[in-house]
Amino acid sequence: MTVELITGFAGTPHIGSDDIGAFQAGIVGPGDYALTTGNQLKATMSNANTIAVQSGDAVLNGRHVHLTGTTTATVQSGTQGQKRNDIAVLRYSKNTTSGVETCQLVVIKGTPTTGTPADPAHNTGSILDGVATHDMPLYRISLNGITVGTLVPLFNVLKPMKDVWDSLTPIRSGKKTRRSPAASLTSCPMRNTVPWSAGATLVAMWLFSRPSPPAWIRRWSHATTCPIRSSAPSRSAPSRTSRWMSGLR
């Protein structure tokens, strides 16, 4: 079937993890992300051989993974006189025979060296492309001899849509405010956080091109820093845009 209604009743079960995974990847992105839930996958070394990752949620190529509590994995002991980088990952696995999908915390051991250690290779293929194994790097675990260094986070935290919206909305006294028409008379709307659409720009150009623009437009046009004002056609020498816009009157 080339066209399928996913969120619709079909009479028989027809929605799979590939469907939900593709949908979620389209919303949050196709990569690997931690979400701002629980303890956001914060981790500590509970001892020299154990990494403990706290609660949180992650999205791996659209697949949602939930850690309900602290999850641990084993780190092999280092070697005196050598350095090593291990990485802790969330590993997605799919049994190609049964189709069963799982995820677990795994530590990938690096190669010991007397020089500068490198991170070990991990599975980077995308679940969206049908790979059976995918790793989301969480932390670099550096070992100098038998001493474990500070954990280094390797993942991105995806901010919720509310935080993104708040960052685009003017804030005054801790409350969201909307710009009033009066406030727009003395400041350029192009400076608003949310950009104007092409349609709004055409309307502004049309208003400026009229023989007798509304009074608020005439007052607003005195704003010396407004970029729209610079595009207003001259009264003495109508621009090509002005002549073209005249057909809209």
Side-chain angles (χ1 to χ4, degrees), residues 1 3-8 10 13-46 50-75 85-110 119-142 150-169 193-194:
M1 181 181 295
V3 178
E4 180 183 4
L5 177 63
I6 301 301
T7 51
H14 68 106
I15 300 175
S17 59
D18 287 345
D19 300 319
I20 303 303
F23 178 74
Q24 293 178 157
I27 294 176
V28 306
D32 299 330
Y33 315 97
L35 305 182
T36 56
T37 56
N39 289 319
Q40 300 182 33
L41 308 181
K42 294 179 181 178
T44 57
M45 293 295 298
S46 55
T50 305
I51 182 174
V53 180
Q54 299 178 29
S55 64
D57 292 87
V59 180
L60 288 68
N61 302 153
R63 295 303 206 273
H64 175 209
V65 177
H66 180 56
L67 280 69
T68 57
T70 300
T71 303
T72 62
T74 300
V75 178
N85 281 354
D86 294 354
I87 58 172
V89 303
L90 282 176
R91 173 164 292 173
Y92 161 91
S93 300
K94 180 176 182 177
N95 186 307
T96 56
T97 301
S98 65
V100 173
E101 298 166 287
T102 59
C103 190
Q104 59 183 332
L105 179 65
V106 174
V107 174
I108 304 176
K109 181 182 177 181
D119 291 347
H122 63 281
N123 298 289
T124 59
S126 175
I127 304 170
L128 297 169
D129 294 330
V131 300
T133 305
H134 174 81
D135 294 331
M136 173 183 173
L138 294 182
Y139 292 93
R140 176 183 297 116
I141 308 169
S142 300
T150 302
L151 296 176
V152 179
L154 301 175
F155 57 90
N156 294 317
V157 177
L158 191 67
K159 297 296 183 182
M161 295 177 68
K162 178 184 180 301
D163 289 357
V164 176
W165 174 250
D166 287 346
S167 71
L168 298 176
T169 305
T193 307
V194 180

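All values below were derived from every heavy atom in this structure, side-chain atoms included, with hydrogens, water molecules and symmetry-related copies excluded. Everything numeric here is computed off the predicted structure, so don't read it as measured data.
- Residues N61 and D32 form a side-chain contact, since some pair of their non-hydrogen atoms from C-beta on lies under 4.5 Å apart.
- Between Q54 and T70 the shortest side-chain heavy-atom distance falls below 4.5 Å.
- For the 3.5 Å distance criterion, the side chains of Q24 and H64 fail to qualify, holding no donor opposite an acceptor.
- Put simply, the side chain of V131 does not reach to within 4.5 Å of the side chain of N123, judged on heavy atoms.
- One finds the CG atom of D57 at 9.0 Å from the OG1 atom of T36 (value rounded to the nearest 0.5 Å).
- Residues T74 and V107 fail the side-chain proximity criterion, which asks for heavy atoms closer than 4.5 Å.
- With sequence neighbours left out, the ring pair (Phe, Tyr, Trp, His ring centres under 6.0 Å) criterion links F155 to Y139.
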Evaluate side chain to side chain contact (heavy atoms under 4.5 Å, CB included) for V59 paired with L158, printing each intermediate quantity in order.
-> CA-CA 9 Å; V59 180; L158 191 67; over 6 Å; no

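- A donor-acceptor pair under 3.5 Å is formed between the side chain of N95 and the backbone N or O of S98.
- Distance check: D119 CG to N85 CG gives 5.0 Å after rounding to the nearest 0.5 Å.
- The two residues L35 and Q40 make their nearest non-hydrogen contact at O-CG, 3.7 Å.
- Although no hydrogens or angles enter the test, the distance criterion places no donor-acceptor pair under 3.5 Å between the side chain of S93 and the main chain of T133.
- Atom NZ of K94 is separated from atom SG of C103 by 14.5 Å, given to the nearest 0.5 angstrom.
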Step by step, would you call E101 with S17 a side chain to side chain contact (heavy atoms under 4.5 Å, CB included)?
-> CA-CA 9 Å; E101 298 166 287; S17 59; 2.7 Å; yes

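- Across every non-hydrogen atom of L90 and A58, the tightest pair is CD1-CB, 3.9 Å.
- Here the closest non-hydrogen pair linking V75 and I141 is CG2-CD1, 3.7 Å.
- Here the NZ-CD1 distance, from K109 to I87, works out to 14.5 Å after rounding to the nearest 0.5 Å.
- The closest donor-acceptor contact from the side chain of D86 to the backbone of G110 lies under 3.5 Å.
- Between L138 and L105, some side-chain heavy-atom pair lies under the 4.5 Å cut-off.
- The backbone N or O of P160 sits nowhere less than 3.5 Å from a side-chain atom of D163 that would complete a donor-acceptor pair.
- Between V28 and Y33, the shortest heavy-atom distance links the atoms O-CE1, 3.6 Å.
- With a 4.5 Å cut-off on side-chain heavy atoms, V65 and M136 do not count as touching.
- Closest of all the heavy-atom pairs between I127 and L60 is CD1-O, 3.6 Å.
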Would you please test R91 and D135 for salt bridge (charged side-chain N to carboxylate O under 4.0 Å, His left out) and show each step?
-> CA-CA 5 Å; R91 173 164 292 173; D135 294 331; 2.7 Å; yes

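- Closest approach of V89 and P137 over heavy atoms only: CG1-CA, 3.8 Å.
- Rounding to the nearest 0.5 Å places CD of Q104 at 11.0 Å from OG1 of T71.
- Panel note: side chain H134, backbone G125; a donor-acceptor pair is recorded below 3.5 Å.
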